[in-house]
Amino acid sequence: IAPVHFDREKVFRVKLQNEKHASVLKNLTQSIELDFWYPDAIHDIAVNMTVDFRVSEKESQTIQSTLEQHKIHYEILIHDLQEEIEKQFDVKDE
Amino acid sequence: IAGRHSYAKYNDWDKIVSWTEKMLEKHPEMVSRIKIGSTVEDNPLYVLKIGKKDGERKAIFMDCGIHAREWISPAFCQWFVYQATKSYGKNKIMTKLLDRMNFYVLPVFNVDGYIWSWTQDRMWRKNRSRNQNSTCIGTDLNRNFDVSWDSSPNTNKPCLNVYRGPAPESEKETKAVTNFIRSHLNSIKAYITFHSYSQMLLIPYGYTFKLPPNHQDLLKVARIATDALSTRYETRYIYGPIASTIYKTSGSSLDWVYDLGIKHTFAFELRDKGKSGFLLPESRIKPTCKETMLSVKFIAKYILKNTS
């Protein structure tokens, strides 16, 4: 099996300030696969929580526009996950 | 041929196995390797016992790498073994600790998942066991312990990253660890598990908002331990019970060990706070390990002095 590549996959950080924000995110998971980094799963999210999740490049536009549409504060922590994976090996062999 | 093991780099499973052998050769009087079981894919689960071999002593059980993608965690366990053995006879505190206590260190709990995260999917979290009636693979080992195991309906689907498994202790890895801890219940006085990320030191409980009887005691230890950690690089950790500090979780190792009777249990969520998340650069391994070591040494000193 070929190893999974994460080209241009993104990690979002979203600040959920009210119930509506939480339900917007929950609704998004009905149609888009999100890999939750923090908290561990969608059912753990709550109001006032900062949520980190990974999403494919393809779906990241939908995520971004939905968040903007509902005025949910977000930042993109990682723009290209594959690049970040390669960057973690930043120590040369001794 | 596996390349050289390095404490400043992430090491794959083959390198970690060779490293355990090297530790045995280098410190035969202080290190022994115990095979506590094997995984679904028939990889060995090794615990390194550090400390004097004669007589029974108080012990601390530590595990790393229960979640495959949290690579900084196994890196810390290796660092701990290295520093403990290297500083014995040189550092006063470590010498005292190792004269009077044993440390059981499980450097990689979820070996199959860890291998998978190196070879196939860097973002893998669960183990690699097959699930009946599902094509989805794996169980979240930190939802598989027999403590409030079935209280969350949100962990019962095999395709979830937090799937609890078909039954408590259904997984070979969980079973191996629980059997080992049960059989050493008299000597193990504390349990520490290492995760990433978010910079937290967590104490029981996760499955309830109720506080354990020695909550104040645990909170004090956590406070001083995080203070000790911050003295090195001013890294800020928050601390507190799992349920109120992060969110409710069921079936976790921390709660299971506590309810079994080991009343000092701690879970570290190591660096960072999200900038790199699970992909902490190797250049951060040493600083992370150095500061965490201060914390763990404080906890060990406390256990030595305050448990019977």
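Chain A is the first sequence line, chain B the second, and so forth, proteins listed ahead of strands; every chain is numbered from 1.
Contact annotation for B:S152: only side-chain heavy atoms (C-beta onward) come within less than 4.5 Å of a heavy atom of chain A. With a 4.5 angstrom heavy-atom cutoff, A:A46 does not touch chain B via any of its atoms. Interface remark: A:I1 contributes backbone and side-chain atoms alike to the contact with chain B (heavy atom separation under 4.5 Å). For chain A, no part of B:W124 is nearby; none of its heavy atoms comes within less than 4.5 Å. Proximity to chain B (any heavy atom under 4.5 Å) is shown, for A:I42, by neither the backbone nor the side chain. Heavy atoms of B:R125 lying under 4.5 Å from chain A belong exclusively to its side chain. With a 4.5 Å cut-off on non-hydrogen atoms, B:T119 touches chain A through its backbone but not through its side chain.
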(Q) The test is side chain to side chain contact (heavy atoms under 4.5 Å, CB included); show your working for A:M49 and B:Y247 and say whether it passes. (A) CA-CA 10 Å; A:M49 193 180 254; B:Y247 40 83; 3.9 Å; yes

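Using a 4.5 Å cut-off between non-hydrogen atoms, the part of residues 23-36 of chain A that approaches chain B consists of A:D35, A:F36. At a heavy-atom separation below 4.5 angstrom, chain A is approached by B:Y197, B:S198, B:M200 within residues 191-210 of chain B. Residues of residues 55-76 of chain A never come closer than 4.5 Å to chain B when only heavy atoms are counted. Residue-level contacts of residues 272-279 of chain B with chain A, in order of numbering, are B:K273, B:G274, B:K275, B:S276, B:G277, B:F278, B:L279; threshold 4.5 Å between heavy atoms.
To the nearest 0.5 Å, the span separating NZ on A:K92 from OG on B:S6 amounts to 13.5 Å. With rounding to the nearest 0.5 angstrom, the NE2 atom of A:H5 is 14.0 Å from the CZ atom of B:R122.
Ranking A:D40, A:I78, A:V4 against chain B, the residue ahead of the rest is A:D40, based on heavy-atom pairs under 4.5 Å. With chain A as partner, the option from B:N161, B:I246, B:I285 having the largest number of non-hydrogen pairs under 4.5 angstrom is B:I246.
Relative orientation of the B:W118 and A:F89 rings is tilted, given thresholds of 30° and 60° on the angle between their planes.
Side chain of A:D90 to backbone of B:P281: no donor-acceptor contact under 3.5 angstrom is found.
In this structure the side chain of B:E282 never reaches within 4.5 angstrom of the side chain of A:Q88, judged on heavy atoms.
The nearest pair of heavy atoms linking B:T155 to A:H43 is CG2-CE1, 4.2 Å.
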